[in-house]
Amino acid sequence: MIQLFWAELKRSWIQYIRYPIEAIGGILITTFFFYALFVGARYVAGPTSQFGERLDAVVVGYVLWTLVIFIVNDIALNLQVESQTGTLEQVLLSPFSAASIFLARACASFSLRFTSVITILLVILGLTGSRLQFPPSLILPFLSVVLGAYGFAFLLGSAALLFKRIQQLLVISQFGLLFLLATPTEEWQGSLKWLGQGLPMTAGAGLLRDVMVRETGLDGLRLLLSLMSGVVYFVLGMVAFRWSVGVAKDRGILGSQ
Amino acid sequence: MKTLEAEHLKKSYRQGGKEVQAVVDVSLTIAAGEVLAFLGPNGAGKTTTIKLIAGLIRPDAGTVRIVGRDPHREPQVLAQVGAVLEGNRNLYWRLTPLQNLEYFGVLRGLKAKTARQRGLELLETFGLMEKREVAVQTLSRGMQQKLAIATALIHRPALLLLDEPTLGLDVEAAQTVKSLVRQIAAAGQAILLTTHQLDIAEVLSDRVAVIQKGVIIAQAPTQEFIRHFAGTDCTYSIELEESLDGERAAQLQSWGVVVEDTHRLRFTGSSEQLYRVLERINPLPLLRIQREEADLTHIFLKLLKKGNQEG
Ligand SMILES: Nc1ncnc2c1ncn2[C@@H]1O[C@H](COP(=O)(O)OP(=O)(O)O)[C@@H](O)[C@H]1O
Ligand SMILES: [Mg+2]
């Protein structure tokens with residue numbers, strides 16, 4: 001399994017840097033986007049605004065959003081493309097299960113994206129002097145968001161296997177993800193609050209805002225709930241993926257047909 | 001135990017509400033070191049059969065055993081299968097040949113180090129060493145195909161599946177691929193090779209199976225197959241010492257004899273008909289008369305015609 005991860009990491013890295021202009025362009029655009037977001041937020045809110053905190057929170061949501069979109073697109077879009085070009089069938093001709101191969105892929109591409117997004121973020125924080133906090137306590141909420149993102153990605157990947165063309169679905173899902181990650185559902189009241197906790201990734205995103213922006217401690221119960229939600233969505237995604245590989249084999253549509 | 005034992009495979013697809021029977025009844029066995037040519041016209045069900053064997057399509061009925069184990073139940077046995085699929089990219093185009101070999105090696109269960117080492121060996125054997133650092137997408141079609149075969153061999157599988165391995169290649173590249181296949185079989189791997197090009201089956205295979213509309217209509221050792229299905233009709237070439245006069249030539253032609261020039265004739269038919277032709281030539285002195293070896297093309301067309309009449 002670890003061998004598989006390294007092989008996937010190497011493959012993703014090579015494919016990523018094969019066209020340096022494309023890769024650098026991507027990084028520049030992301031950097032510029034983040035920077036504009038930070039500066040813009042400040043400018044709108046004014047230097048000592050009480051909205052400052054609120055806007056930082058939104059920014060945390062945005063950063064998460066880009067990372068999650070990377071994860072989702074890496075898995076779902078690549079499944080679609082590889083099914084069309086035909087490499088998918090070669091990949092599945094393996095003693096490893098489809099689920100473990102694509103999990104290794106997901107981990108590899110995540111490592112790459114995470115490193116680049118964090119680097120970009122640190123550069124921007126240096127430039128803008130933001131007060132965002134990165135205490136170790138954000139690891140668990142972050143993990144819950146990533147698990148949820150994987151679950152979501154594998155659900156869309158399953159759709160890619162069965163329906164082939166999912167660009168439309170991906171575009172729509174990006175707005176959905178923005179809502180899930182940037183909406184402060186932790187501020188919702190009553191029964192809505194429970195709904196907020198049950199949506200994929202939102203609970204974890206809320207905790208991240210708590211830790212990074214509001215500098216409040218972690219709420220044990222909410223952490224537990226968010227981890228559970230992450231695990232549930234992850235398992236759901238993997239189960240759906242296994243199932244859809246089976247259906248694709250039944251219908252003979254793994255390949256370019 | 002045979003390397004491959006496939007029994008009564010069956011697969012139909014649903015397309016736009018109606019059922020397409022791609023594979024109706026296919027049973028195949030291949031022993032180690034044996035090359036089976038799987039022949040059939042386009043749409044006969046060759047690719048579907050290959051994918052049923054490789055565990056990429058689930059059969060409606062029937063069983064596949066590779067070295068005794070079912071790839072649909074025990075995917076570990078896929079470590080014993082290598083395949084080059086038709087109409088697919090079998091490689092990552094952005095990676096170099098060596099990177100592809102390493103990646104797929106690990107994916108088939110090798111350690112990274114072993115994969116690299118074997119990859120280098122294969123590049124050497126396949127004559128791709130000087131191309132090892134360029135992206136696959138810049139290679140010629142022939143080189144890509146050679147590399148795809150090399151990649152299918154990285155984990156030294158017991159069974160190699162080649163779907164139309166020479167399709168779309170120029171003559172020279174096709175020749176290289178042919179000699180590679182011979183080399184691989186000599187090394188003891190079992191090979192299933194689909195093709196609709198008969199000459200390939202004829203020179204490469206130990207046995208042939210002919211599929212039409214999802215059903216195997218003939219299966220036999222290649223030489224026996226040629227002998228058996230060639231039937232009583234043979235092609236003879238006849239050479240004369242003296243030239244043929246116009247009247248005789250005209251009559252022979254009306255019997256279907258091809259008069260290539262005044263000294264050379266060509267005739268396809270039964271041996272009785274041959275003697276009739278010889279009678280007519282009598283008393284012109286003969287220089288040479290020879291029966292030509294029957295080839296698969298001839299047999300294949302005949303079989304398909306028969307199949308079509310029955311079906
Ligand atoms: N995924 C699929 N869905 C529907 N029909 C298919 C599919 N794959 C193949 N077919 C049909 O099944 C038949 C056999 O195809 P195939 O196995 O590719 O034949 P061959 O490789 O001998 O040309 C053809 O009629 C083809 O159109
Ligand atoms: Mg085919």
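Each chain gets a letter, A, B and so on, in the order the sequences are listed, and its residues count up from 1.
In terms of heavy-atom pairs under 4.5 angstrom with chain A, the leader among Gln80(B), Lys111(B), Arg14(B) is Lys111(B). In terms of non-hydrogen atom pairs under 4.5 Å with chain A, the most contact-rich of Gln99(B), Gln76(B), Glu74(B), His72(B) is Gln99(B). Between chain B and the options Gln15(A), Glu82(A), Arg11(A), the largest number of non-hydrogen pairs under 4.5 Å is found for Arg11(A). Counting heavy-atom pairs closer than 4.5 Å to chain A, the top-ranked of the candidates Thr96(B), Leu56(B), Leu78(B), Val77(B) is Leu56(B).
Of the two parts of Val91(A), the backbone and the side chain both hold a non-hydrogen atom closer than 4.5 Å to a non-hydrogen atom of chain B. For a residue to count as touching a neighbouring chain, one of its non-hydrogen atoms must lie under 4.5 Å from one of that chain's; by this rule Ile101(A) touches chain B with the side chain only. Only the backbone of Leu110(B) comes within contact range of chain A, with at least one heavy atom under 4.5 Å from a heavy atom of that chain. For a residue to count as touching a neighbouring chain, one of its non-hydrogen atoms must lie under 4.5 Å from one of that chain's; by this rule Ala115(B) does not touch chain A.
Geometric assessment of Arg105(A) against the ring of Phe102(A) yields a positive cation-pi assignment under the 6.0 Å and 45° thresholds.
The backbone N or O of Asp250(A) sits less than 3.5 Å from a side-chain atom of Lys11(B), completing a donor-acceptor pair.
Ion pair Lys10(B)/Glu19(B) not flagged as a salt bridge, since none of the NZ, NE, NH1 or NH2 atoms sits closer than 4.0 Å to an Asp/Glu carboxylate oxygen. A salt bridge between Glu102(B) and Lys10(A) is present, with a side-chain N of the basic residue lying under 4.0 Å from a carboxylate O of the acidic one.
Looking at every heavy atom in both residues, Leu155(A) comes nearest to Leu236(A) through CD2-O, 4.3 Å.
For the pairing with Phe154(A), the ring pair (Phe, Tyr, Trp, His ring centres under 6.0 Å) check across Trp243(A), Phe234(A), Phe241(A) returns one residue only, Phe241(A).
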